[in-house]
There are 8 protein chains.
Amino acid sequence: MNLEEIRDLLQNIKNGNVSIDDGVDKLKELPFKDLGYALIDNHREIRVGYPEVIYCAGKTIGQVKGIIEFMNSKDNNILATRSTKEMYEEVKKICPEAEYNELARTITIKKRQIDITDSYIAIVTAGTSDIPVAEEAAVTAEIFGNKVERINDVGVAGIHRLFNKLDIIKGAKVIVTVAGMEGALASVVGGLVDKPVIAVPTSVGYGANFKGLSALLSMLNSCSSGTSVVNIDNGFGAGYLASMINKL
Amino acid sequence: MNLEEIRDLLQNIKNGNVSIDDGVDKLKELPFKDLGYALIDNHREIRVGYPEVIYCAGKTIGQVKGIIEFMNSKDNNILATRSTKEMYEEVKKICPEAEYNELARTITIKKRQIDITDSYIAIVTAGTSDIPVAEEAAVTAEIFGNKVERINDVGVAGIHRLFNKLDIIKGAKVIVTVAGMEGALASVVGGLVDKPVIAVPTSVGYGANFKGLSALLSMLNSCSSGTSVVNIDNGFGAGYLASMINKL
Amino acid sequence: MNLEEIRDLLQNIKNGNVSIDDGVDKLKELPFKDLGYALIDNHREIRVGYPEVIYCAGKTIGQVKGIIEFMNSKDNNILATRSTKEMYEEVKKICPEAEYNELARTITIKKRQIDITDSYIAIVTAGTSDIPVAEEAAVTAEIFGNKVERINDVGVAGIHRLFNKLDIIKGAKVIVTVAGMEGALASVVGGLVDKPVIAVPTSVGYGANFKGLSALLSMLNSCSSGTSVVNIDNGFGAGYLASMINKL
Amino acid sequence: MNLEEIRDLLQNIKNGNVSIDDGVDKLKELPFKDLGYALIDNHREIRVGYPEVIYCAGKTIGQVKGIIEFMNSKDNNILATRSTKEMYEEVKKICPEAEYNELARTITIKKRQIDITDSYIAIVTAGTSDIPVAEEAAVTAEIFGNKVERINDVGVAGIHRLFNKLDIIKGAKVIVTVAGMEGALASVVGGLVDKPVIAVPTSVGYGANFKGLSALLSMLNSCSSGTSVVNIDNGFGAGYLASMINKL
Amino acid sequence: MNLEEIRDLLQNIKNGNVSIDDGVDKLKELPFKDLGYALIDNHREIRVGYPEVIYCAGKTIGQVKGIIEFMNSKDNNILATRSTKEMYEEVKKICPEAEYNELARTITIKKRQIDITDSYIAIVTAGTSDIPVAEEAAVTAEIFGNKVERINDVGVAGIHRLFNKLDIIKGAKVIVTVAGMEGALASVVGGLVDKPVIAVPTSVGYGANFKGLSALLSMLNSCSSGTSVVNIDNGFGAGYLASMINKL
Amino acid sequence: MNLEEIRDLLQNIKNGNVSIDDGVDKLKELPFKDLGYALIDNHREIRVGYPEVIYCAGKTIGQVKGIIEFMNSKDNNILATRSTKEMYEEVKKICPEAEYNELARTITIKKRQIDITDSYIAIVTAGTSDIPVAEEAAVTAEIFGNKVERINDVGVAGIHRLFNKLDIIKGAKVIVTVAGMEGALASVVGGLVDKPVIAVPTSVGYGANFKGLSALLSMLNSCSSGTSVVNIDNGFGAGYLASMINKL
Amino acid sequence: MNLEEIRDLLQNIKNGNVSIDDGVDKLKELPFKDLGYALIDNHREIRVGYPEVIYCAGKTIGQVKGIIEFMNSKDNNILATRSTKEMYEEVKKICPEAEYNELARTITIKKRQIDITDSYIAIVTAGTSDIPVAEEAAVTAEIFGNKVERINDVGVAGIHRLFNKLDIIKGAKVIVTVAGMEGALASVVGGLVDKPVIAVPTSVGYGANFKGLSALLSMLNSCSSGTSVVNIDNGFGAGYLASMINKL
Amino acid sequence: MNLEEIRDLLQNIKNGNVSIDDGVDKLKELPFKDLGYALIDNHREIRVGYPEVIYCAGKTIGQVKGIIEFMNSKDNNILATRSTKEMYEEVKKICPEAEYNELARTITIKKRQIDITDSYIAIVTAGTSDIPVAEEAAVTAEIFGNKVERINDVGVAGIHRLFNKLDIIKGAKVIVTVAGMEGALASVVGGLVDKPVIAVPTSVGYGANFKGLSALLSMLNSCSSGTSVVNIDNGFGAGYLASMINKL
């Protein structure tokens, strides 16, 4: 239930269209729904403007299914990240319109149409191997109603590829750069644009990359101002924040 | 053999009800039983008040079975942690009343009734994925005779869920907080209560979480006083210590 | 020289008000000025919308003075961060209107008036010891024309202090949270608002804080979405990014 | 103001002994006092049972003095940790009864008598160099009304020294072990007693000690159950928690 | 070929019992045998007193087999560590007297009788899970002709078990302590004996154990003098060094 | 297309042998070819003198096949590193002359003959387990037209093996040393020769090796001048750089 | 003594111009000179082509002076790195022609003229604060007879500054890139040139820079081939290796 | 009091030469002397064969003086390590025969003559800067009655210097190798001798040396068997252990 729906409900109660008892029933799960293993945060959309998202890693298939089953009874779009194919197969049984993005490992359920922004988010990857993380960011931004432009494989080893795409990057309202290895792309992009840059280090690489630590430190120490960083491989976080900024 | 049993035995020897030779036989394994690969610490209950617990990780199925077989000949409750399903199947063959908790990965064997405390331990998790560690703590506390209250999925991303459960948390004599990711729950709970808080970092998370390091450091640096920390994922240690404190 | 000034110059050349030779003289330093030890990036304001900022750490007093001396001949506001009192004393000799903020360790020179935004940036600290970093963020945001609200000492050890200030925090267009120790404030704030949160870990703390690593990891692993992170103690970076977002 | 004092005040208002206006004046600073750079948490004693403690590191002398000046107008005992001699000299000017413990680096101001517990806390150090941290724990525990026994220099390199003091350690209700280097003392003590053990790693040592990391990891991985850990050199945290447990 | 055999060969050449050509043939592989993928160090026994040992990890089964095949044509005892069961099955085909120790993961081939020392090496483990590493040390020491005493499961959580075995530990000429988790056993043993102690940290444990780092740092920082440390899980290195010392 | 081919094309256009339209067609993919998931850097050979190399890790089989399919339509030799056997099987279907080196995990396609250098690169390994990384370096150097000498298993544990091969090492124009464990070989070789030494740390080892960190730090801190380091296990990078230097 | 001088000496002995005894005297210090605290490696120039360089850090002033005093009696140029001003003052007393470079912290003594190379080494810094490390590299390369071009302050935050200097960078035979913070400059330069790039991470930066770790990891994980790395702040090592390559 | 003295005392009591009361007086401090801040371990010489050594770091001058004052009343030689010049000046006042070694930072007091061993310990340094640590080892070994040979500055950058000294190294019963930077010396020496090698990493170096971590890891991962490691800069520990082994 979002703010508008609550207002409508209260208006209807005032008008006598809805009885007090029915109102209580509808409102009693407002703050959260207790599933025992999970307290679903219904209040979240009111509080922070977005429906709760399901982070599937570390949850059993049964738990994921149970949470989606409950959420599916509401009228919000649903996003589940880090989900396995197996989870999706189970979810599909109770919710046939659910879609799975294999690269991004996301389940999405579109329950109502949302307006798409005019301004767009540019999501830029350094290499082909960074695309899964970028795709998680893109799916997240899109389900929240953002226009997204994908620019792939423009890492600094061949910097003319980046310059070729610079116009489309500069045209964005906010930019997400996704890079593993040494993560230099974030600094280079940050030095070329005058928009907020969200840097996503990925675990792409090996050896002294230490599972993304190299790109993470690189991005945190970027000499280009206007850049901030999310967790390694956290495409969701970047897409979520980009959406927030794009909608300002 | 606990302190009372030793006293009884010695009384019986004094009274002539038990012969010296029988007494020697009963007492000779008092300090420990040597199984070759393990010295079972019989003395432990006398010394620290609890029977020895079997930490199954790194042991072969045969070793776990052998240790439980010996312990089963005594009159104490038995707890085995980090045990696999396979270990349990083997143990069940020699000890049919053994129970397995799949979430907590524990084997428990209740050989005698113990009194349950009036005061209780609150075990609080930040998210659904933290429940297995919390369950290990709960099983441990319960086999030692403690009343336990479980409060799940009240992490700080939706802090109103925590406030909703605050009364039950405040009513506890000691609180165990179980959280992965950034582990902020421990600090928030610690700032709200006037009871000892045992913080258990979990390895739930990814990337710069570094397998629980993030939550561990967070909890060690908590700005809330009255908090102490056990090893990452160490539900058993938290449950054991909580039991000690709850029984003071 | 900013974009408008270039346009004026070209117009004047076209009109014959300025000779070609004078035009060349004015434009030849457009991309950068070479001081030998520094290439001052004059192009930066055109490219990214802000004048270059001087990061004083690791530079000699003479270098800082030389760079400011050159910049002072232009018509832009100037910001120097991580400057010592000694640097300031030298700068003041050539630029008497320079101001020094002892807490933030910044030198600022206001050469032209800029409009102040209606929307504001909330800068929130967990404890008194975090104020110097927050002040660097505030000074940075203010010199770029942003309205700033400071909320100090509302760390989670006494969370009611935070709730008391929640309205002013929620009213901001973008929020900067500054916290050392376990950095839990960023997650708690992130869970309560629906605005972008820029988290600044500080090196406040000791022991297993490892000079800010604890707060850094905590913030990177925040369970609250919409949060991104800058380098430890990087008040400037947070203020700069907040300004970018605030002005969208 | 503690709970009893609030009750008295309300009783007096009800009885007409105190006017509404005077009541408002007394209550308006109940949750916290805003000093600009610090929000003093007056609510803390009500909420968690202890007055707020001042952590001086990272605060200016003026800030420490200002906070103590305000607190001194109340009727609670005051503890300031990590304070320098210079801070103390300034505090003494406004509060002559303030005492400084050079080893523990604490300022204490005793404003009212508190009852001393019958049960005691044993604070045990591995070596002479660990004493300053232990002393911080002891001063903390004592100002909160606990009886404390100090047992120094009983590290495992000469374990007979520990056994000689075992009776006094076993007699405690809760034990604080303070050790640097490899921190083995915590495990050995934990294996010998049936009481909660709070382990404090210290930064005593050099080389691969990595400023206390060695003892910290050692204590977190202790094979002895019933042990929990606080931050490196965090004598205050150990003393505070020990007090909480001792008073259960 | 060892020193004595070389001397015999040269004597026989001098006496005319062996022709120059035959002598050259026998000596030409003296320093090493080149297998392409490996230079077998025949010179090693002469130089450091022991035959080369095969470290199987990272080698293909074919390479291990090839190296052993060549070595088997000489008259020295052979030791292969970190070998898999599959490697052993292949080796057995060309060398039926080869033996496999499943716990220690070693292949041994005894080609000549060697004298056993009178003095012995005590190999002491903290827990049952440490036995595989200890067994690698024991097998190594034994194939080099040392008498070995195994003392298992005497970790400090139940220190009376250690004291019960102290006589046999003190009787050794050199002691190997094998411990994971916090590795406190090494310090405790080191404080009780006046013999060299070789500490072997194991990767037994979880969480903040960081795959043996905890025990490693603990042992490097031991407050007990006379202790030195080998790599995590390096049973072979400890057994080899203990043999060197035992034979002095 | 390399520089000479471009020159030929332009000459032919000038001569009228090639039409403008055909010229445009041939040149339009000059900077890069956009495959959606990859921007193939055709410009690279012109810019840095070598064709782009495919790093297969993190790419799907389909992506690797697609990239090679496009590249195969050009006239350059092709190198794919970190490729699996499965990738190779797919590539072979569209390009039967592709060759797979199982040790080095490389796919190579030789499309035109290249001259082999007179001077050679020496690639030296410390142990048999380091050979796969060395082989990646060798395959890389060879496809770029370099003569390579392989010297295996000459680690410092038996330093006479190294001295025996010293002449061939000293004869090289540039030396690649490949070593895991403590990586001492790089320093020893660096102290014996007057040629550039490229040190490749490998992840060979266990325990405190921390997946190659030990050898990496060792090589970075080498007391022998003239040594530089590439990433752990980065045989390709070493072979590429060695080729650059060998061809100077 | 270099190779030519030895040949001359032997020729003179053969001709009878030098007596055997005088020859022995001259040759006896050939391999090294024993100063007690230092074995000066006279053999080094013969073996690796350069005279030994004095690394002053960790040496007493007396030791540095003693080593230079001995070396000064030979006919080679001398380089001392990481020397303090105090060391220089002492050295100047015995060797008035010694020169001190305050930025590079080097002492140089030019005892004979050496030819300067035609090809040059480009030494490129990201920022003004990186200049001291670059200068150490430049001084090293110059004393060994290399032509050096310095390009300062062209970091990626303003990448047009780099492109402006690209011609001079591309004209070099070998390039040294010196950068702190995130060290992205090395990758960008490496992607633009077809020459060996030696990357020097510097400790310039703060917070999550961890004293140069950030730039070090960044450079080791560079996605641009042809790059290798030396130790943090190791200007000398980069200059030495660049000289080796430049003279091939 | 050592074992012989106790035996004499008891004999004298038996013979009536000493009264029971006098005997009690002499024996009552046998296990330790309690100074409040230190329990001096008198029992240590009996238990482990050496008198206790004073580790001065972290102790106040008063504490060091007090401990030495008490020890000085006994008849054993005394060693204090990590002592400052100031400590020595104070100690000298109460014990004029105390000697200070500035390099090793040790105070030694020789109270009785001890026999010097025939076999010797070789203490080998890689560079001049490692000498202070080596000297601590040497002083320690010498006060316990060992013959010591010092071999300095034979690091692997000029390996012929090491070979020149190899005979004296091979002649030792046990070898201590002291090296910073990459610590390769330990592996090279270990591969050349058939004696126990004690490796001491030093903090000599900079950058990626991480205060000795590089040499520490290098030595722990040594490919040469027979090597064990002590803490970074722990010259005392190496000297102590070498003495133990030399006296076997």
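Residue numbering restarts at 1 for every chain, and letters A, B, ... go by the order of the sequence lines. All values reported here derive from a predicted model rather than from experimental measurement.
- Counting non-hydrogen atoms of other residues, nucleotides and ligands closer than 6.0 Å to CD of Glu89(A) gives a total above 12.
- The CG atom of Leu217(A) sits 8.5 Å away from the CG atom of Asn209(G) when rounded to the nearest 0.5 Å.
- Here the CG-OG distance, from Leu220(G) to Ser214(A), works out to 8.0 Å after rounding to the nearest 0.5 Å.
- Within 6.0 Å of the NZ atom in Lys211(A), the count of heavy atoms belonging to other residues, nucleotides or ligands does not exceed 12.
- Looking at Tyr206(A), the atoms closer than 4.5 Å to chain G (heavy atoms on both sides) all sit in the backbone: N, CA, C or O.
- Asn221(A) contributes no side-chain N or O that, together with a main-chain N or O of Gly205(G), makes up a donor-acceptor pair within less than 3.5 Å.
- For the pair Ile159(G)/Phe163(A), a side-chain contact is recorded, criterion being any heavy-atom separation below 4.5 Å from C-beta on.
- With rounding to the nearest 0.5 Å, the separation of CD in Glu182(A) from OG in Ser224(G) is 6.5 Å.
- With contacts defined as side-chain heavy-atom distances shorter than 4.5 Å, the pair Val156(G)/Cys223(A) qualifies.
- Residue Leu185(A) holds its CG atom at 10.5 Å from OG of Ser187(G), rounded to the nearest 0.5 Å.
- Contacts with chain A were tallied for Gly180(G), Ala184(G), Ala208(G); Ala208(G) has the most, counting heavy-atom pairs under 4.5 Å.
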